[in-house]
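Have a look at the structure below, then the notes.
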Amino acid sequence: MMADDPSALRELEHLNRLYAMLSGINRAIVRSDDAQSLFTEACRLSVEEGGFAAAWVGLFEPGECQPRVVARAGVSVPAPLCGSCGEAVPCPLRAGQPCRIDDLATDLRAAGSHDVALDAVLRASVALPLRNGGELVGAFGVATGPAQAFSEADLRLLEEVAADLSFALAALHREQVRIADQSRIEFLAYYDAHTGLPNRALCERRLREATARGEHLAVLVVELGVFHDAARLFGPGGAVLIAREAARRLEAGLPQAGVARIAENAFALWLTGLPADEAERETAAATALRIGELLAPALRIEGQDLYAAPFVGIALHAGDGAVEETLREAVVAAGRRHGTAAAGYCFYANEMANSSLRRFDLDAALRRALDHGEFLLYYQPQVDLASGEVTGAEALLRWNRPGVGLVSPLEFIPVLEGNGLIGAVGEWVLDEACRSCRDWQELGAAPLRVGVNLSARQFRDGDVGAAARRALGRSGLNPRLLELELTESIVLQDADSVIRCLRELRGEGIGTTLDDFGTGYSSLSYLQRLPVDRIKIDRSFVTDLTSNPNSSAIARAVVGMTHSLGMTAIAEGVETEGQLSYLRRLGCEAMQGYLFSPPLPGEAFRTLLRDGRRMARSDADPAWDRTLLLVDDEPNVINALSRVFRRARVRVLATTDPREAFELLARHPVGVVVSDQRMPSMSGTEFLRRVKALHPDTVRIVLSGYTELGAVIEAVNHGAIYKFLTKPWEDEALRAIVDEAFGLFELAQQNRVLTERLAALLDPALPPPGRHAAVQRPH
Ligand code: C2E
Ligand code: CA
Ligand code: CA
């Protein structure tokens, strides 16, 4: 019938061109990774596919009334065809409204540009606002020859193009933020975020570079005595202010020295090119005194005067030996504030006899410790954030020193590393951890894993793989339940051989976790090469996760990157509910920290397992309570549908592929499914029939441009479908129906829980049925 009506045919042809343009632009959105190329492509497609005479994209600039054109195609129009700038009526674009001009020859609003347009035989134009997030950022416009050329249908399609471009802008913006986060991680690998000074890693590198040139070197470490008091009085913010002010004074006052922040309360300065005689000591001592002067004037915090109370430790490097050792010596000297005090500084050499004596003492005590069974392991539970279940524990070494009590590993592990005992102690840790872990298996519901920390020296001195295999053999533990925790410094010392060793271990099923992530060199390219399964987000980022945007940006980037590399993330040092729910929202998989439990002695950890203790699920985030799944083979439709629910308190999952939909259903608590009927791989009714079988609680809706009533009605009768809707849909009606469907889903959930409780009451011997069974065990 249409063939007889030339105008209807033309209209059909015209709409087809617009659809082709729309889908072309959507493809361009998927492909492009910067806004400019996307705009250029959208203009080209508007002219070549859409058949418009001209197309343009403009961006608003501060103070400017008309958007500045950044991309165009077709007939060249010097100014965008919109707006009545300067006239009494303000341009609707500026108010975020479409601006449609039916005839430029008569429409006064186009006063500014219609002469030019007429010369170019353009008479009708439409301009539509572009937004980034909610903010108006620019406009997309097309123009064409005849007056009155734009129908309502055209306008709707063009609005869709503008909405898609806006959506892409927001996505590109997010991508830019993500890239910025990544470079921030790289920055933090070498710099201290609070002062912008080099951190310890970069400081060591600079020192190595200087000694490589054979230079004599003095290293001065300044410890601020006030720091911890300030942190206690004014919180971490106060401590940061002190660090910043101290950094500023040191940098400005000693331009000839290198400065780095090597610890919260300590800075390192180094002087290069010193003469190799007594003058070297004098220069260093004079610099130490200068540091004292620079830091002497009071620091003002919240109206209060604080005195930095600096003390300087000095160590000299004569151009041979490891310069890291010189830095450590200066740190030791800086710690000798008491006893030497008067001068405000001391040289490492003066302290040598004294400290090596103490070292000798500790050394001998640690040698005895292993033989006398003074070492023990504590276990800190690790919890899966989705299920709340304990999935394993990290083994943490303790030394029960006679006459002293429990000693922290931070104090004695460096000594074990120094005297080579770490190999033997490390093997004992592996043995003990594997044995305990095998015993846990009878106590927990699911298999439990144990994490064991390794130090760099263990890798350097011995065969870690062989030690792990021996421990597994002796205990009979399944290799999949052992997880080795390593730090970046381990990998850095001999990347190739460490990576080879880790590959082998992984081949045997042993897990690997990268510990302290974000505090070391953390180069992303490096991470890609590392055979690790898990990344542990360091406690220093978790501590101020909810308050410090830097930390949250890093945590977000780390989790995102971890997932894109196919690894999972665990956060350590989680102490508050706030940190927990934030980590959940970031998609972090697991956690450990005082919030759930501190490290526990072996017996206490077994009790926790026996009691079936688990973490309560959070109800704090109702926004995630409703999960909607959209399935349609056309990406356009998915985009449009997603937009309908953008502002609703619903989490939207979407896919163009029914097979992937089953994956999503398995992984997420989907309540309502909306599916297209016509899909190439499977019809909507067939798909929903299977969904009904697999996930009977879901409420299912079919959306179809082709009301194949037979199939649909049959599906409704079989209970596979709750409702069917026809395309095009009314946004408001669709939202209402989906809302109603969620209501139904929730009602069914509540019913199920009640039924289960009832069943459990009637027959306590029976475990509660179904996947919503209460997992909490009786105490
Ligand atoms: P790590 O591997 O980063 O261990 C985490 C540290 O954070 C543990 O300190 C743990 O007790 C503490 N921690 C856990 N949750 C929280 C929390 O919520 N808040 C706070 N403030 N702290 C929390 P720990 O046990 O003193 O261990 C210190 C370090 O000693 C470990 O750091 C690890 O590097 C090393 N270490 C411990 N055991 C071994 C071992 O068997 N072998 C080796 N080579 N190193 C070990
Ligand atoms: Ca660890
Ligand atoms: Ca750690």
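All ligand and atom numbering here is 1-based and tracks the order in the structure. Values below: every heavy atom of this structure, side chains too, minus hydrogens, waters and symmetry copies. If you're wondering where the values come from, they're calculated on a predicted model, not measured in any experiment.
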Looking at every heavy atom in both [X] and [Y], which two are closest together, and how far apart are they?
X: Ala315; Y: Ala330; answer: CB-N, 3.7 Å
X: Pro381; Y: Val390; answer: CB-CG1, 4.3 Å
X: Gln592; Y: Lys536; answer: OE1-NZ, 2.9 Å
X: Glu575; Y: Tyr594; answer: OE2-CD1, 3.8 Å
X: Phe311; Y: Ala333; answer: CE2-O, 3.6 Å
X: Arg613; Y: Phe596; answer: NH2-O, 2.7 Å

Which bit of [X] gets closer than 4.0 Å to ligand 1, counting heavy atoms only: side chain, backbone, both or neither?
X: Gln592; answer: neither
X: Ile413; answer: side chain
X: Val429; answer: side chain
X: Val425; answer: neither
X: Ser455; answer: both

Heavy atom to [atom], shortest distance: which of [options] holds it?
atom: atom 29 (C) of ligand 1; options: Thr487, Asn453, Leu410, Leu416; result: Leu410
atom: atom 16 (C) of ligand 1; options: Tyr594, Phe596, Tyr378; result: Tyr594
atom: atom 15 (N) of ligand 1; options: Glu572, Gln380, Glu394; result: Gln380
atom: atom 2 (O) of ligand 1; options: Asp515, Leu430, Thr513, Leu377; result: Asp515

Please state whether Arg398 comes within less than 4.0 angstrom of ligand 1, counting heavy atoms only.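 Contact check Arg398 vs ligand 1: positive.
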Give a yes/no on ligand 1: does Gly426 have at least one heavy atom closer than 4.0 angstrom to it?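 It does not; every heavy atom stays at 4.0 Å or beyond.
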Numbering as shown, the atoms of ligand 1 that approach [X] to under 4.0 Å (heavy-atom distance):
X: Leu454; value: 44 (N)
X: Gly593; value: 15 (N), 18 (O)
X: Pro599; value: 11 (O)

Near the Ca ion (ligand 2), is there an N/O/S atom from Thr513 that is less than 3.0 Å away?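 Under 3.0 Å: Thr513 has no N, O or S contact with the Ca ion (ligand 2).
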The Ca ion (ligand 2) contact by Glu572, N, O or S atom under 3.0 Å: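 For Glu572, the answer is no, given that no N, O or S atom comes within less than 3.0 Å of the Ca ion (ligand 2).
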Do side-chain atoms of [X] reach the backbone of [Y] as a donor and acceptor pair under 3.5 angstrom?
X: Gln458; Y: Ser455; value: yes
X: Gln441; Y: Leu448; value: yes
X: Gln579; Y: Thr543; value: yes
X: Gln380; Y: Glu394; value: no

Taking just the N, O or S atoms of [X], which one is nearest to the Ca ion (ligand 2)?
X: Glu485; value: OE1
X: Asp515; value: OD2
X: Glu394; value: OE2

Roughly how far, to the nearest 0.5 Å, is the CG atom of Asp515 from the CG atom of Asn453?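 Atom-to-atom, Asn453:CG and Asp515:CG are 5.5 Å apart.
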Only counting residues at least two apart or in another chain, list the ones meeting side-chain hydrogen bond (donor to acceptor under 3.5 Å, both in side chains) with Arg449.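 For Arg449, the residues satisfying side-chain hydrogen bond (donor to acceptor under 3.5 Å, both in side chains) (neighbours in sequence not counted) are Glu483.
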Would one find an N or O of Leu397, backbone or side chain, under 3.5 Å from an N or O of ligand 1?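 There is such a contact, yes.
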If I apply the N/O under 3.5 Å rule, does Glu485 come out as touching ligand 1?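 No, no N or O pair falls under 3.5 Å.
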Side-chain donor-acceptor pairs of residues 429-438 under 3.5 Å, sequence neighbours excluded:
from: Asp431; atom 1: OD1; to: Arg474; atom 2: NE; distance (Å): 3.1
from: Asp431; atom 1: OD1; to: Arg474; atom 2: NH2; distance (Å): 3.3
from: Asp431; atom 1: OD2; to: Arg474; atom 2: NE; distance (Å): 3.3
from: Asp431; atom 1: OD2; to: Arg474; atom 2: NH2; distance (Å): 3.0
from: Ser436; atom 1: OG; to: Tyr379; atom 2: OH; distance (Å): 2.8
from: Ser436; atom 1: OG; to: Glu432; atom 2: O; distance (Å): 3.1
from: Arg438; atom 1: NH1; to: Ser475; atom 2: O; distance (Å): 2.6

